[in-house]
Peer 1: 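I'd like to ask you about the structure that follows.
Throughout, protein chains are lettered first and strands after them, A, B, ... in sequence-line order, and every chain is numbered starting at 1.
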Protein chains: 2
Amino acid sequence: MAGKASGARGKRPQRPGAPRLSAEAQSGEPALSLERIVAAAVELLDAEGVDGLTMRKLADRVGAGAMSLYWHVDNKEAVFDLALDSVLEYREPPQAGESQDWRGEVLHMLEDWRASMLRHPWSAALLPRRALGPNILLRLELLGRTLSRAGVADADLNVALWSLWNHVMGATITRASFERSDDDLAAAQQRLTGLSERYPTIERSRLLLDNDWDGTFRDGLDFLLDGLAPKR
Amino acid sequence: MAGKASGARGKRPQRPGAPRLSAEAQSGEPALSLERIVAAAVELLDAEGVDGLTMRKLADRVGAGAMSLYWHVDNKEAVFDLALDSVLEYREPPQAGESQDWRGEVLHMLEDWRASMLRHPWSAALLPRRALGPNILLRLELLGRTLSRAGVADADLNVALWSLWNHVMGATITRASFERSDDDLAAAQQRLTGLSERYPTIERSRLLLDNDWDGTFRDGLDFLLDGLAPKR
DNA sequence: ACCTGAACACCGTTCAAGT
DNA sequence: ACCTGAACACCGTTCAAGT
């Protein structure tokens, strides 16, 4: 029911000897391509959410016949995989790895990560169902390198990476689920407020009612980094 | 597209004056009820996963005509909400709140939480799309009380609760997505291993390859609690 | 090599109707 | 009050066929 890494270009065969003039070279319109499909899928997901992505609507948006997608893509699952990973692409800043402010670097990486996902709220809902794509793995790799340079022992790297990843995931998912629409947010707050007699501590903590998500995310991260920092 | 708190008993009207003999009182078979529907939904989700839950299959399993569910339940979203919250029920241990081992209490609560979700792997995939049900809120409330008794200031309670919640969510989701089936797990590990040249740090950390999920979860929690513990 | 429409086996949900 | 089947407007995907 899940798992395959790429899932893309299922039957894409080896290129022919000479790539001779394609439709793309003749008209301005680029031919149907995996890239265009993925880009359109992201647009569609941004506009209509996870349930709004339909193979037929996607084909429509890309100006192709309903079933043309299946030559480029195995199935709908693959579309989700590709859209998710494409949204998590990471461009490493040029001076990375040179400063000795490892904590600042980690903070930057994780905030960029979180921002990428919040820009596409459907990504949080999708992630738990999909495999780790190459862009996610790259982010983890770079994060691990920074921690390693900061002096985290190899034996602690697993826990460290995993805890930070969990923090980003959890924070993004929680926020995304409170942000689907203003109506929902208002309703949720209303609900939480109304429940104060039954949940006095939650009420007192103003859990999720203060809207300073960024601050809370960063504060939690600070706690984690305090614990993770190599003891000297 | 989401958000309503209960979503249940949409049109359940006020009870009639006298509950007179129902089918349930006459035969041994209990009549169709919200409870039976939710229980069957959990069974179905356990057996076939999120995509396996179909209103028709659910009705079948409960021995009812295909469309009878809609009298008890608003729609399929409500079924998901109810199934998710029912799986997260928490029975507080009797001596709770009396020991002064707050750290042990927090650990117990969070491990129980995580275990409940891992027992029903679909719950992790579902959670980011659903609202906070009463059982989740209760768990957060009890967690908050314990932290409060331990000396965490009200001003820090929000970050503390949220960070711990994020840790449980993230850890559960990551693990569930690696556990869907043994095939997938093997495939994922195969993939990670094969990628060692491109991701040397990940390889070195043996990220997600060591199968000591419980230990890693607990270690990460320890880091967090170290940071969260009231400074004295 | 690439794209297509018709067709199949499903969905969730509405509605008028039964008891 | 509670349950039902027929019907509607969709789905994802296969397949034989086009160029």
Peer 1: Between D:dT13, C:dC3, D:dC3, which one does the side chain of B:His72 approach most closely?
Peer 2: D:dC3
Peer 1: Is A:Thr54 touching bases, backbone alone, or none of the nucleic acid, heavy atoms closer than 4.0 Å?
Peer 2: sugar-phosphate
Peer 1: Would you kindly give the CE-to-C1' distance between B:Met55 and D:dT4, to the nearest whole Å?
Peer 2: 15 Å
Peer 1: What is the distance, to the nearest angstrom, from the CZ atom on B:Phe80 to the P atom on C:dT13?
Peer 2: 10 Å
Peer 1: Please work out the stems of DNA chain C from pairs that are Watson-Crick or G-U wobble with both distances under 3.5 Å, keeping only runs of three or more consecutive pairs.
Peer 2: C:4-8 with D:12-16, C:12-16 with D:4-8
Peer 1: Given D:dA1, D:dT4, C:dT13, which nucleotide is nearest the side-chain atoms of B:Trp71?
Peer 2: D:dA1
Peer 1: Do B:Met55 and B:Val79 come within less than 4.5 Å of each other through their side chains, counting heavy atoms only?
Peer 2: yes
Peer 1: Please write out the pairs of protein N or O atoms and N or O atoms of nucleotides 14-19 of chain D separated by less than 3.5 Å, giving the distance to one decimal.
Peer 2:
none

Peer 1: Given atom CG of A:Asp51 and atom P of D:dG12, what is their separation to the nearest angstrom?
Peer 2: 11 Å
Peer 1: Could you tell me which residues satisfy salt bridge (Lys or Arg N to Asp or Glu O under 4.0 Å) with A:Glu89, sequence neighbours excluded, listed by chain and number?
Peer 2: none
Peer 1: Specify the separation, in whole Å, of atom NZ of A:Lys76 and atom C1' of D:dT13.
Peer 2: 12 Å
Peer 1: Does the side chain of A:Trp113 reach to within under 4.5 Å of the side chain of A:Thr172, using non-hydrogen atoms?
Peer 2: no
Peer 1: So which atom in B:Gly220 and which in A:Val159 form the shortest heavy-atom distance, rounded to 0.1 Å?
Peer 2: N-CG1, 3.6 Å
Peer 1: Can you measure A:Asp60 atom CG to D:dC10 atom P for me and round it to whole angstrom units?
Peer 2: 13 Å
Peer 1: Write down the distance between CD (A:Glu48) and C1' (D:dC11), rounded to a whole number of angstrom.
Peer 2: 15 Å
Peer 1: Please list, chain by chain and in numerical order, all residues satisfying side chain to side chain contact (heavy atoms under 4.5 Å, CB included) with B:Asp112, sequence neighbours excluded.
Peer 2: B:Tyr90, B:Ser116, B:Arg139
Peer 1: I need the minimum non-hydrogen distance between B:Ile37 and B:Leu58, along with the two atoms involved.
Peer 2: O-CD1, 3.9 Å
Peer 1: Between A:Gly65 and B:Ala66, which is nearer to the 5' end of DNA chain C once each is assigned its nearest nucleotide?
Peer 2: A:Gly65
Peer 1: By salt bridge (Lys or Arg N to Asp or Glu O under 4.0 Å), which residues pair with B:Arg56, not counting sequence neighbours?
Peer 2: none
Peer 1: May I have the distance from B:Lys57 (atom NZ) to C:dG12 (atom P), rounded to whole angstrom?
Peer 2: 9 Å
Peer 1: Mind checking A:Leu53 for me? I need base, sugar-phosphate or nothing, with any heavy atom below 4.0 Å counting as a touch.
Peer 2: sugar-phosphate
Peer 1: List the residues meeting salt bridge (Lys or Arg N to Asp or Glu O under 4.0 Å) with A:Asp214, not counting sequence neighbours, and say none if there are none.
Peer 2: A:Arg114, A:Arg175
Peer 1: A:Ser123 side chain to A:Met117 main-chain N or O, any donor-acceptor pair under 3.5 Å?
Peer 2: yes
Peer 1: In terms of the nearest nucleotide of DNA chain C, which residue is placed more toward the 5' end: A:Arg56 or A:Ala64?
Peer 2: A:Ala64
